[in-house]
Every structure is written in C-alpha cells, then in structure tokens.
Amino acid sequence: MILEIKNLHKSFADLEVLKGISLSVDKGDVVSVIGPSGSGKSTLLRCATFLETMDSGEIRYLDRAAAWTGEEGKAVYLPQSELRRMKSVFGLVFQQFNLFPHYTVLHNLMASPMVVQKRSREEAEQTARELLKRMGLEDKAESYPCQLSGGQQQRVAIARALAMHPQILFFDEPTSALDPELTGEVLKVIRQLAEQDMTMVIVTHEMSFARAVSDRVIFMDAGIIVEQGTPEEIFGNTAQERTKRFLQNYGD
C-alpha cells in the first residue's frame with residue numbers, strides 16, 4: 001500500500017473542513033475524488049502532501065507513519081529531515097501550474113532533481129528531455145512558461161512532477177484553469193499515465209473522464225466521504241441520493 005489515511009480531521013478556525021476521512025491507495029490505483037465545491041477535496045490533498053497540517057488522524061506512506069495523533073490529541077509529524085525524504089514518494093500537480101517563470105522549461109524540470117535528489121546535471125537533463133518528448137513538448141525545452149499555452153504549461157507541470165520519480169501522483173483539479181479546448185490535451189496525458197499503471201489520486205470535476213479512467217471513485221460532500229466504489233457503482237448504480245443530485249448537475 002502506497003498511501004493510507006485514517007480518521008483525518010482538519011479545521012480552519014471554527015469551520016471543520018475534514019470530518020474523519022479514511023482512505024487507502026494501492027500501487028497502480030487510479031482514484032478520482034469528486035464532489036461539490038467546498039466539500040474538502042483540495043484540503044484532503046493538501047493534508048496528504050503536507051502543505052496543510054492536519055489536526056488529528058494518521059497519514060502513512062509505504063506503511064510508515066508520517067503523521068499521527070499524539071498523546072494530547074494533536075497531530076505529530078516526523079522531523080523535517082525525515083519528512084523531506086518521505087516527500088520524494090509523491091508528486092503534486094496544481095491547478096495553476098506553479099512553474100518557475102524565470103526558468104526555461106528544461107530548467108523547470110531539472111531543478112528539483114538536482115537540488116533535492118542531488119542528481120547529476122547530465123542525468124537530470126536526460127530525464128527532463130525524455131519526459132518532454134513523452135509530453136509532445138521536446139521543441140519547447142528552451143522556452144519560458146509565459147511563451148506556452150495553458151495546456152502546454154500544465155503538461156510541463158506534470159513532467160516536472162514525474163522528473164522526481166514519484167510512486168504516486170496527486171492532481172488538484174488539473175484542468176480547472178484551462179479553456180475547454182486545452183483540457184483534452186491534459187486529460188490525454190493523464191489517461192496515458194493511467195495506462196502505464198501510474199498510481200494517481202485525481203481531484204476533478206471532469207465526470208466523464210473520472211468514469212473512464214478510474215479504478216475507484218470517491219464522492220465527498222461537507223467534509224466526509226459519502227460513498228466510494230467503482231465507476232460503474234458510483235456513476236451507474238449509486239444508491240445515495242446526495243450523489244445522484246450531484247451527478248444530475250453534470251448531466252451524467
């Protein structure tokens with residue numbers, strides 16, 4: 001098992017955003033997380049990737065605890081040095097690309113492997129160029145992010161995450177900042193990764209894509225997992241009224 005989350009709670013001031021979330025992700029799983037805005041989907045990803053500190057619960061990667069509830073009922077995390085090593089297990093692709101604007105596309109892909117993983121420049125560059133070729137962007141290596149379309153920037157962001165050789169990739173609504181005509185090219189890349197057995201957790205509002213690519217779909221609302229199951233169980237045979245109402249809004 002690559003990721004296991006147990007009874008995760010997270011509040012912002014008086015607002016409880018996550019109310020005891022538990023889920024697990026095995027190697028090769030493609031898990032889509034769907035639900036209305038404000039249901040806690042992005043906060044769950046941010047807690048799983050240590051961008052937010054949970055209040056209580058447990059987060060485990062590769063069967064090792066990264067964070068857990070301490071004796072006083074509050075979250076305890078591994079020391080920063082160990083947490084940094086654990087971060088190499090996952091990659092995260094954001095809504096807004098988050099590329100370094102002053103770096104070329106090639107440098108964006110090379111920087112973290114060289115700085116964080118201490119890889120040689122030659123190895124980092126070889127990996128970066130191979131990934132850009134996979135993304136259909138080999139001719140953009142010396143371009144800057146501002147010279148690319150949104151779809152191209154997001155493909156660079158995916159390549160940058162893959163350059164770290166993660167065992168699991170998280171996507172936080174990777175197409176929400178894109179025009180509809182650019183959405184397809186990004187979804188095609190994610191679909192190809194699924195076919196290559198990349199382990200992924202995808203927060204998405206693209207219902208037809210989630211139905212086609214997922215092994216498991218999780219429907220969240222108001223900080224809880226309402227239900228989870230295969231795409232056929234969620235989209236074709238749900239017994240939950242809340243899920244039905246949500247999907248009707250998408251015409252699925």
Side-chain angles (χ1 to χ4, degrees), residues 1-10 17-18 21-31 33 40-70 74-100 103 106-121 123-125 127-128 130-131 153-174 189-190 193 196-203 218:
M1 189 176 297
I2 293 183
L3 169 65
E4 185 174 18
I5 293 174
K6 294 181 181 178
N7 199 29
L8 193 153
H9 289 260
K10 175 64 179 178
V17 177
L18 298 176
I21 298 290
S22 297
L23 64 92
S24 60
V25 182
D26 288 321
K27 183 176 174 58
D29 281 353
V30 178
V31 179
V33 184
K41 306 183 302 295
S42 293
T43 301
L44 173 61
L45 251 59
R46 292 179 65 82
C47 286
T49 54
F50 315 136
L51 293 173
E52 296 284 358
T53 301
M54 68 178 187
D55 297 330
S56 62
E58 185 175 13
I59 302 172
R60 302 179 71 88
Y61 281 98
L62 304 178
D63 206 31
R64 186 183 179 204
W68 58 93
T69 304
K74 295 182 179 180
V76 177
Y77 281 75
L78 286 174
Q80 278 299 322
S81 59
E82 295 182 57
L83 212 55
R84 274 196 297 272
R85 284 196 292 271
M86 193 165 280
K87 287 178 180 178
S88 67
V89 174
F90 60 79
L92 177 59
V93 179
F94 300 89
Q95 297 178 29
Q96 299 291 343
F97 324 135
N98 284 27
L99 299 173
F100 296 118
Y103 285 176
L106 187 67
H107 196 178
N108 262 282
L109 268 64
M110 292 171 59
S112 290
M114 290 170 59
V115 174
V116 178
Q117 297 180 335
K118 310 301 181 188
R119 286 196 236 154
S120 69
R121 172 174 287 276
E123 181 187 358
E125 181 171 349
T127 298
E130 288 172 355
L131 285 167
Q153 289 186 62
Q154 192 61 294
R155 281 184 282 158
V156 172
I158 294 171
R160 183 177 65 177
L162 289 170
M164 299 291 283
H165 298 312
Q167 296 191 47
I168 181 172
L169 265 185
F170 294 97
F171 293 87
D172 186 6
E173 298 200 6
V189 168
I190 299 174
L193 291 173
Q196 295 159 5
D197 292 325
M198 183 74 207
T199 308
M200 294 184 283
V201 177
I202 309 164
V203 169
I218 292 172

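Along the sequence shown, the residues carry numbers beginning at 1.
Here CZ of Arg46 is found 4.5 Å from CD of Glu52. Values are rounded to the nearest 0.5 Å. The line from CD of Gln117 to CD of Glu123 is 8.5 Å long, rounded to the nearest 0.5 Å. Summarising the geometry, atom CD belonging to Gln80 is positioned 9.5 Å from atom CG belonging to Leu78; distances are rounded to the nearest 0.5 Å. Rounding to the nearest 0.5 Å gives a distance of 5.0 Å between CG of Leu8 and SG of Cys47. Note that NZ of Lys87 is 11.0 Å distant from CG of Leu92, once rounded to the nearest 0.5 Å. Rounded to the nearest 0.5 Å, atoms CG (Leu193) and CD1 (Ile158) are 6.5 Å apart.
Asn7 and Ser22 share no donor-acceptor pair across their side chains, judged by distance under 3.5 Å alone.
Not one N or O on the side chain of Ser56 forms a donor-acceptor pair closer than 3.5 Å with the backbone of Ala75. Ser88 contributes a side-chain N or O that, together with a main-chain N or O of Arg85, makes up a donor-acceptor pair within less than 3.5 Å. Panel note: side chain Lys10, backbone Thr53; a donor-acceptor pair is recorded below 3.5 Å. Of the possible donor and acceptor atoms, one in the side chain of Gln154 sits under 3.5 Å from a partner among the backbone N and O of Pro174. Of the possible polar contacts, none joining the Gln153 side chain to the Leu99 backbone as a donor-acceptor pair under 3.5 Å is found.
You'll find the ring centres of Phe94 and Phe170 outside the 6.0 Å limit.
Between Leu18 and His9, the closest side-chain pair of non-hydrogen atoms is not below 4.5 Å. Between Met114 and Arg121, some side-chain heavy-atom pair lies under the 4.5 Å cut-off. Between Thr199 and Leu3 the shortest side-chain heavy-atom distance does not fall below 4.5 Å. A 4.5 Å side-chain heavy-atom check between Met54 and Ile59 finds at least one atom pair inside the cut-off. A heavy-atom distance below 4.5 Å is found between the side chains of Met110 and Leu106. Contact check for Ser112 versus Arg160: no side-chain heavy atoms found under the 4.5 Å cut-off. Met1 has its side chain out of reach of Val25: every pair of non-hydrogen atoms, C-beta onward, lies at least 4.5 Å apart. Residues Gln167 and Phe90 are not in side-chain contact: their nearest non-hydrogen atoms beyond the backbone lie 4.5 Å or more apart.
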What's the verdict on salt bridge (charged side-chain N to carboxylate O under 4.0 Å, His left out) for Arg84 and Glu82, showing C-alpha distance, side-chain angles and the deciding distance?
CA-CA 5 Å; Arg84 274 196 297 272; Glu82 295 182 57; over 6 Å; no
Evaluate the criterion side chain to side chain contact (heavy atoms under 4.5 Å, CB included) for residue pair Val116 and Met164; output intermediate values, then yes/no.
CA-CA 9 Å; Val116 178; Met164 299 291 283; 4.0 Å; yes
Side chain to side chain contact (heavy atoms under 4.5 Å, CB included) between Met198 and Gln196: does it pass, once the steps are laid out?
CA-CA 6 Å; Met198 183 74 207; Gln196 295 159 5; 5.5 Å; no
Test side-chain hydrogen bond (donor to acceptor under 3.5 Å, both in side chains) on Asp172 and Ser42 and set out the steps.
CA-CA 6 Å; Asp172 186 6; Ser42 293; 2.8 Å; yes
Derivation and outcome, side chain to side chain contact (heavy atoms under 4.5 Å, CB included), residues Leu109 and Leu131:
CA-CA 9 Å; Leu109 268 64; Leu131 285 167; 4.2 Å; yes
Kindly determine whether Ile190 and Phe171 satisfy side chain to side chain contact (heavy atoms under 4.5 Å, CB included), including the steps that lead there.
CA-CA 9 Å; Ile190 299 174; Phe171 293 87; 3.9 Å; yes
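Counting all heavy atoms, side chain and backbone alike, Ala161 lies closest to Pro166 at O-CD, 3.3 Å. For the residue pair Glu173 and Gln95, the shortest heavy atom distance occurs at O-CG, 3.5 Å. In terms of heavy atoms, Ala66 sits closest to Met86 at CB-SD, 3.1 Å. Taking both residues in full, the closest heavy atoms of Ala111 and Tyr103 are given as CB-CE1, 4.0 Å, listed atom of the first, atom of the second, then distance. Taking both residues in full, the closest heavy atoms of Ile5 and Ala48 are given as CD1-CB, 4.0 Å, listed atom of the first, atom of the second, then distance.
Applying side-chain contact (heavy atoms from CB on, under 4.5 Å) to Ile202 and the options Val31, Val30, Val33 leaves one that passes, Val30.
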